[in-house]
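Everything on this sheet refers to the single structure shown next.
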Amino acid sequence: MEAVARRLTGKNALVTGAARRIGRAISLALAREGANVALHYSSSEREIAELAAEIEGLGLQAVTLRADLSDPAELVGLVERARDALGKIEILVNNASIFPSDTLETIEIEGLERNLEINAWAPLVLTRSFAAQTERGHVVNLLDSRVSGFDSGHVSYILSKHVLAALTRMSALELAPGIAVNAVAPGLILPPAGKDEEYVDRLAQTIPLKRRGAPEDVAAAVVFLVTSAFVSGETIYVDGGRHLKENAPDGPDRNK
Ligand SMILES: NC(=O)c1ccc[n+]([C@@H]2O[C@H](COP(=O)([O-])OP(=O)(O)OC[C@H]3O[C@@H](n4cnc5c(N)ncnc54)[C@H](OP(=O)(O)O)[C@@H]3O)[C@@H](O)[C@H]2O)c1
């Protein structure tokens with residue numbers, strides 16, 4: 001077994017949308033710090049089983065929990081199921097998200113509602129359930145570096161992330177002093193559905209560090225936040241400086 005620094009030994013975490021991509025990297029990073037992890041997923045059954053096996057291989061507990069976060073009945077019991085399986089949950093990472101395209105021209109209330117439901121309402125309900133079962137802990141919400149500006153090609157999505165950003169600050173105040181609530185805002189990390197690696201590499205040339213990030217960069221920021229004793233209500237941009245240019249004339253092309 002690899003040598004691990006274990007700053008989270010004895011802690012139990014719940015990560016939503018844990019099966020693939022950034023959620024997977026966050027789950028593994030928490031486990032490498034010694035946390036047991038409740039791995040939430042929706043449709044990625046094979047991937048979540050593989051991830052659970054990998055975490056168990058590190059000598060930690062992993063439990064897989066399926067739930068459609070847009071189904072109120074499945075959403076409301078998720079933290080409780082994690083707690084029943086592992087014990088008190090002291091780390092919650094709200095990572096699951098949808099990223100559909102729409103514009104101010106095409107936006108419909110149904111699309112906005114669905115984005116709000118999965119990207120903002122689900123984190124709110126999970127944070128509330130989380131706080132009901134622990135006096136101390138950390139919540140981390142995954143935003144998007146474009147909350148520093150707009151995303152004219154994903155209007156419902158970015159509006160829902162703005163709600164989540166406000167929720168982060170609000171719940172940091174409401175849940176203090178026992179629970180710290182923070183956010184990580186990734187930039188160019190992985191191509192969204194329908195786009196290839198070349199798309200991300202091309203856009204990367206427009207950001208200050210002129211390169212893309214890795215899921216592990218995002219995970220490192222999450223680990224920093226959940227191991228910090230004195231940071232709350234903060235957002236860490238993991239975006240190579242992209243947020244600094246979000247509204248600049250030569251900023252990233254947000255429509256392509
Ligand atoms: N990728 C990037 O470069 C980037 C950039 C900026 C911000 N972010 C943010 O970082 C986070 C992770 O990004 P990502 O690209 O890795 O996410 P992703 O692959 O788009 O989605 C993560 C997971 O969300 C789950 N999910 C979607 N709808 C769900 C529902 N109704 N119920 C339950 N689970 C649902 C899916 O689980 P299943 O696979 O199990 O169905 C999916 O694997 C997101 O919050 C995203 O907005 C990412």
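We count residues from 1, following the sequence as given. Nothing here was measured: the structure is a model prediction, and the numbers come from that model.
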Exercise. Can you check side-chain contact (heavy atoms from CB on, under 4.5 Å) on L28 and I55, steps first, answer last?
Worked result: CA-CA 7 Å; L28 274 173; I55 289 174; 4.1 Å; yes
Taking only Lys NZ, Arg NE, NH1 and NH2, and the carboxylate oxygens of Asp or Glu, determine whether [X] and [Y] approach each other closer than 4.0 Å.
X	Y	answer
E50	R46	yes
R24	E54	yes
E74	R81	no
R212	E197	yes

Around atom [atom1] of [X], are there more than 12 heavy atoms of other residues, nucleotides or ligands at under 6.0 Å?
X	atom1	answer
E56	CD	yes
I109	CD1	yes
E105	CD	no
K11	NZ	no

Pairwise side-chain contact, [X] with [Y], heavy-atom cut-off 4.5 Å (strictly under):
X	Y	value
L51	S27	yes
V231	L225	yes
R6	L60	yes
S97	K161	yes
L14	V79	yes
L175	T127	yes
N115	I98	yes

Within this structure, what is the [atom1]-[atom2] distance for the pair [X] and [Y], rounded to the nearest 0.5 Å?
X	Y	atom1	atom2	value
L116	W121	CG	CH2	11.0 Å
T16	L39	OG1	CG	11.0 Å
R7	T227	CZ	OG1	4.0 Å
K245	D239	NZ	CG	11.5 Å

Exercise. What is the ring orientation for F99 with H154, classed by angle as parallel under 30°, tilted 30 to 60°, or perpendicular over 60°?
Worked result: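 Rings of F99 and H154: parallel, as their planes differ by under 30°.
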If I compare all heavy atoms of [X] with all of [Y], which pair ends up nearest, and what's the gap?
X	Y	value
L30	V226	CD2-CG2, 3.9 Å
Y41	A19	CB-CB, 4.4 Å
L69	A122	CB-CB, 4.0 Å

For this session: Step by step, work out the side-chain contact (heavy atoms from CB on, under 4.5 Å) result for S129 and E80.
Result: CA-CA 8 Å; S129 312; E80 214 165 39; over 6 Å; no
Exercise. Could you walk me through whether E135 and K88 pass the salt bridge (Lys or Arg N to Asp or Glu O under 4.0 Å) check?
Worked result: CA-CA 10 Å; E135 315 74 44; K88 187 192 284 188; 3.2 Å; yes
